[in-house]
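Quick notes on the structure that follows.
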2 protein chains.
Amino acid sequence: MSGERPDPGTVRPGGRTAKVRAAVLRAAGDALAESGFDRLDLAEIARRAGVGKTTVYRRWGTVPGLVADVLTEMAEGSSPRTDTGSLLGDLTANARLVHRTLNDPRQGRLFRALITAAGCDAQAAAALHRFYRVRIAEWAPCVEAAVARGEAPEGTDAAEAIRAVSAPLYYRFLVSGDPLDEAAADRAAAAAVAAVEAGVFANGAAQP
Amino acid sequence: MSGERPDPGTVRPGGRTAKVRAAVLRAAGDALAESGFDRLDLAEIARRAGVGKTTVYRRWGTVPGLVADVLTEMAEGSSPRTDTGSLLGDLTANARLVHRTLNDPRQGRLFRALITAAGCDAQAAAALHRFYRVRIAEWAPCVEAAVARGEAPEGTDAAEAIRAVSAPLYYRFLVSGDPLDEAAADRAAAAAVAAVEAGVFANGAAQP
DNA sequence: CTCGTAATGGTTCTATAGTTCCGTTAGCAG
DNA sequence: CTGCTAACGGAACTATAGAACCATTACGAG
């Protein structure tokens, strides 16, 4: 009895264990950005991290499990939010940040790989959703500020407005394949502002 | 040297070849909907289609290659467009169709698998983009009709408006994991209408 | 109808992703 | 500092996805 066996790495998270985790996550990020999700080889990652292949299989088990841990680590680092003083300015800054991220050779491939992994595995999907919940919450205050300034209707759902900015960019990136340029980013922000001003994201009644 | 060897299935596309293709594509769709993209086993598909494993590998080669063919077939069947007489009505009908499709157990899993496959393979991605280009073009006329009725500004990019309807739904479905209910669909349509009316998707200048 | 060959399908073979085993290293409690 | 054992790492092993081979079936030109 007593099958109590804690996950490896939790009892002695000290020096070596932490170094192994950091090295493997870095190597995994590099490999995801270079090769994509499906061509990921855990043995290759172990080699690049200077770590035993057995260790990677023992700690993370599967490719999506490793991706989930990469996402958990990414959620901890926060991205600075801009404050331009106007809702359109702030949302345009957000849209351009998303645009730059998805167009950046390394980051773009990485995000595609992460989202692809989430399409294959529930654990990776849960980690992805947590990551975006954090990011959306980081940007929500700029909508709340707009409400406080009277630029947006009372009761506007800030998270929904932020999602409305990203959505058209991710849709192009993942689904339709249409060009993802800065004009598209600016349009996404402008469309979100138009919807906010029309009261589409306000909870009570709306639409003057 | 004459290395000229046409792809298998192109010289004699008659009875048996066509039957094999149909059976394999049907089995592939079922398997994608049930197991998802990563757990796809070409041997299992061959078994379910009542076809030799060798044939599947010879005709389609890889999993993403098979997915690309599934998408090509799907692009041929068209989905009926509604005509309610108002832009908001038409776009709401579109949003609800997308919402129903993504929430349907079989279709939802299938689309997730298809998009996931596109994240792994350029050929599947190209097929996915063609599929959505067709679908978007099918719905574009309802925006053009709104322009003709004077409901929308001259020069409105119809395809962009249609994309704006789908984008928030796919964003929830693939990226953020937020609930994808009918209220979200209606909000997506309302937001798109607000953006259209504000002239965000008009080509010249805009914003009265 | 007859024939040439495109296309299929069972079997066997191979490369490699992932597992198991066990000896070695080093975190941390006392 | 010392000892216990969590965690690591190399090597040998196994299961399976995908390739190669060749005999069989049946499309379609004449």
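Following rounding to the nearest Å, B/Arg39 (CZ) and D/dT16 (C1') show an atom-to-atom distance of 17 Å. Look at NZ on A/Lys19: it is 12 Å from C1' on C/dG27, rounded to the nearest Å. Rounded to whole Å, the distance from CZ on B/Arg58 to C1' on C/dT11 is 14 Å. Atom-to-atom, CZ of A/Arg59 to C1' of C/dT19 comes out at 18 Å; the value is rounded to the nearest Å. For the pair A/Leu42 CG and C/dT16 C1', the computed distance is 13 Å after rounding to whole Å. For B/Leu40 and D/dT16, the CG to C1' distance is 15 Å, given to the nearest whole Å. Remark: C1' of C/dA17 and CG of B/Asp38 are 15 Å apart, rounded to the nearest angstrom. Separating the CD atom of B/Glu44 from the P atom of D/dT16 is a distance of 13 Å, rounded to the nearest angstrom.
In the interface, the side chain of B/Lys53 is paired with the base of D/dG18 through a donor and an acceptor atom under 3.5 Å apart. Not a single donor-acceptor pair, N or O on each side, falls under 3.5 Å between the base of C/dG27 and the side chain of A/Thr17. Between the side chain of A/Thr62 and the base of C/dG18 there is no donor-acceptor pair of N/O atoms closer than 3.5 Å.
Ring centers of A/Phe37 and B/Phe37: at least 6.0 Å apart, outside the cut-off.
In this model, a donor atom of one side chain and an acceptor atom of the other lie less than 3.5 Å apart for B/Asp90 and B/Thr84. Side-chain contact check for A/Tyr132 and B/Tyr171: no donor-acceptor pair (N or O, by modelled atom type) lies under 3.5 Å.
In this structure, the nucleotide among D/dA7, D/dC21, D/dG9 sitting nearest to the side chain of A/Thr54 is D/dG9. Taking only side-chain atoms of B/Arg16, from C-beta outward, the nucleotide of C/dA7, D/dC8, D/dG10 with the closest atom is C/dA7. Distances were taken from every side-chain heavy atom of A/Tyr57 (C-beta onward) to each of C/dT19, C/dT8, D/dG9; the shortest belongs to C/dT19.
Between B/Thr55 and A/Gly61, the one whose closest nucleotide on DNA chain C sits nearer the 5' end is B/Thr55.
When each of A/Leu25, A/Leu128, A/Asp69, A/Leu114 is checked for a side chain to side chain contact (heavy atoms under 4.5 Å, CB included) with A/Met74, only A/Leu114 meets the rule.
Annotation: side chain of B/Leu32 is not in contact with side chain of B/Arg112 (no heavy-atom distance under 4.5 Å).
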